[in-house]
**Student:** 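Pasting a structure here, questions to come.
This is a predicted model, so every value here is computed, not measured. Residue indices begin at 1 and follow the sequence shown. FYI, side chains are in, hydrogens and waters are out, and symmetry mates aren't considered; it's all heavy atoms of this structure.
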Amino acid sequence: MRKFLLLTTLLAVFTCYGQTVSTFAGKPNGDPTNNYTSQTSNVDKDSTFFAYPNGICIDPSGKIFVTERNKIRMLTGGFAYIRAGNPGGPTLSEGYSNASGTQASFRNPSGMVSNSNGDLFVCDVENHCIRKVAKFVNTSNPQAVTTFAGAAPSGFPGSGTSGTSDGTATAARFNQPQGITIDGDGNFYVADYLNFTIRKITPSGVVTTIAGKAEVEGTTDNSSGSMARFGGPWGIAMLDSANLVVTDPWNTNIRKVNISTGATSTIAGPSSGSNSQHKDGSLTEARFRSPKGVVVISGIIYVADVNTIRAIDIANNTVTTFAGDKDNYGITDGEGTAAKFTEMDGMVTDGKGNMYVCENSGLVSSHVIRKITVNSLEPSVDFTV
């Protein structure tokens, strides 16, 4: 009997996530105190020596701005420009003065964000205030720097005044604000690190405390407003239109804060106390070492956790290592966990599936800006049998 082989066409489609890590700007630098680029314009971004890059944001035109030790640098068109702050070295350039461009001064600026107009709002950490940098117009026009909220400037070499007070503009007080984000209505939210609080600033500069109690450190979970406790809030981003996501490196966890009620809960990591380690798993099983920078892309929370990027998927109750090798430090481009990072800080997303992160480790040659492309869930194999 003749047997007939029936050939049936089968379509097999496999999908997978990919994450490509590359070095976007900066020349690896092991001595940022002495190696720094002071030229203010038209420096090739790949040849630029950064000194302790901390914060990063993108304005509406797509220009990238980076805070580093006492200055703000812009990256666009393959070049780097110092747009605000003293261009001198990290140990000689600090101050507190409102002026235009390089006549202005900062003291260890960190997190920053752009509003829809293109103005930048910067956490001036050791001046204990939020500075405003007017939007970029062109390279011939310096950007004016003013104090948006916090202690009024006292002039170089003076510094701002720390405190806990709510109030309007320069009547408010902060204590080493580290991170800042903005909602769709133009309200700002600040991770006020040494006040252990989350602050809100309206577009007109009215400052209120929405979560945490000033100068009271703690671990209290699932509490609202002044009953909530933080160990040291650092990174902050909008989780959705109603909630913030906040990294708490001292409690080694990731928190959620409702912007209307101040209700605070733990998204991932230990709900109370510090338990520093790297462990993937469910939201409650996962452990972090020192989470700092944070962005949200398509509902997934990405956190810079020392030398790895962790992905938190609330819907599927998982925390995974998205990129980086937890056991090894370095500047190695590549895919996913084959890539290596040094210690990371601020992060931003461009809204196109890319993340940019600052590296500023003092342990190895570092001080660069890395780019991580989150490749879409797409067919990777398409074959017939």
**Student:** Between Arg173 and Asp166, is the closest basic N to carboxylate O distance under 4.0 Å?
**Tutor:** no
**Student:** Are Met344 and Ile56 connected in the hydrophobic side-chain network, where two residues link if heavy atoms are under 4.5 Å apart?
**Tutor:** no
**Student:** Let me see the working for Lys135 and Asp119 under salt bridge (Lys or Arg N to Asp or Glu O under 4.0 Å), right down to the final yes or no.
**Tutor:** CA-CA 4 Å; Lys135 72 175 183 179; Asp119 300 316; over 6 Å; no
**Student:** Can you confirm whether Lys45 is buried at NZ, in the sense that more than 12 heavy atoms of other residues, nucleotides or ligands lie under 6.0 Å from that atom?
**Tutor:** yes
**Student:** Scan Tyr52, Tyr36, Phe49 and name whichever one has a ring pair (Phe, Tyr, Trp, His ring centres under 6.0 Å) with His367.
**Tutor:** Tyr52
**Student:** Spell out, yes or no, whether Phe65 and Val145 are grouped together once hydrophobic residues are joined by side-chain heavy atoms under 4.5 Å, including indirect joins.
**Tutor:** yes
**Student:** Can we say Glu217 and Arg229 salt-bridge, meaning some charged N sits less than 4.0 Å from an Asp/Glu carboxylate O?
**Tutor:** no
**Student:** What I want to find out is whether Lys292 reaches Asp305 closely enough, with some N-O distance under 4.0 Å, to be called a salt bridge.
**Tutor:** no
**Student:** Verify the neighbour count for atom CE of Met227: are there more than 12 heavy atoms of other residues, nucleotides or ligands below 6.0 Å?
**Tutor:** no
**Student:** Would you say Asn86's side chain and Ser105's backbone share a donor-acceptor pair under 3.5 angstrom?
**Tutor:** no
**Student:** Do side-chain atoms of Asp313 reach the backbone of Ile300 as a donor and acceptor pair under 3.5 angstrom?
**Tutor:** no
**Student:** How about Phe322 and Tyr302: are their ring centroids closer than 6.0 Å?
**Tutor:** yes
**Student:** Going hydrophobic residue to hydrophobic residue with side-chain gaps under 4.5 angstrom, can you get from Ile64 over to Val368?
**Tutor:** no
**Student:** Which heavy atom of Thr161 sits nearest a heavy atom of Ala151, and at what distance?
**Tutor:** N-CB, 3.4 Å
**Student:** Kindly assign one of parallel, tilted or perpendicular to the pair Phe148 and Phe188, based on the angle between their ring planes and the thresholds 30° and 60°.
**Tutor:** perpendicular
**Student:** Is atom NZ of Lys63 surrounded by more than 12 heavy atoms (other residues, nucleotides or ligands) closer than 6.0 Å?
**Tutor:** yes
**Student:** Checking Thr202 against Ser204: is there a side-chain donor and acceptor pair closer than 3.5 Å?
**Tutor:** yes
**Student:** If the threshold is 4.0 Å, N to carboxylate O, is there a salt bridge linking Arg310 and Asp280?
**Tutor:** yes
**Student:** Indicate yes or no: does Arg73 engage Glu68 in a salt bridge with an N to O separation below 4.0 Å.
**Tutor:** yes
**Student:** Would you say Leu75 and Val348 are hydrophobically clustered, going by side-chain heavy atoms of ILVMFWY under 4.5 Å?
**Tutor:** yes
**Student:** Heavy atoms, side chains only, cut-off 4.5 Å: are Leu239 and Leu244 in contact?
**Tutor:** no
**Student:** Checking side-chain hydrogen bond (donor to acceptor under 3.5 Å, both in side chains) against Trp234, which of Asp345, Asp248, Thr247 comes through?
**Tutor:** Asp345
**Student:** Check whether the side chains of Thr219 and Ser272 place a donor and an acceptor atom closer than 3.5 Å, and report yes or no.
**Tutor:** no
**Student:** Following the transitive rule for hydrophobic clusters with a side-chain heavy-atom cut-off under 4.5 Å over Ile, Leu, Val, Met, Phe, Trp and Tyr, establish whether Phe24 and Ile58 coincide in one cluster.
**Tutor:** yes
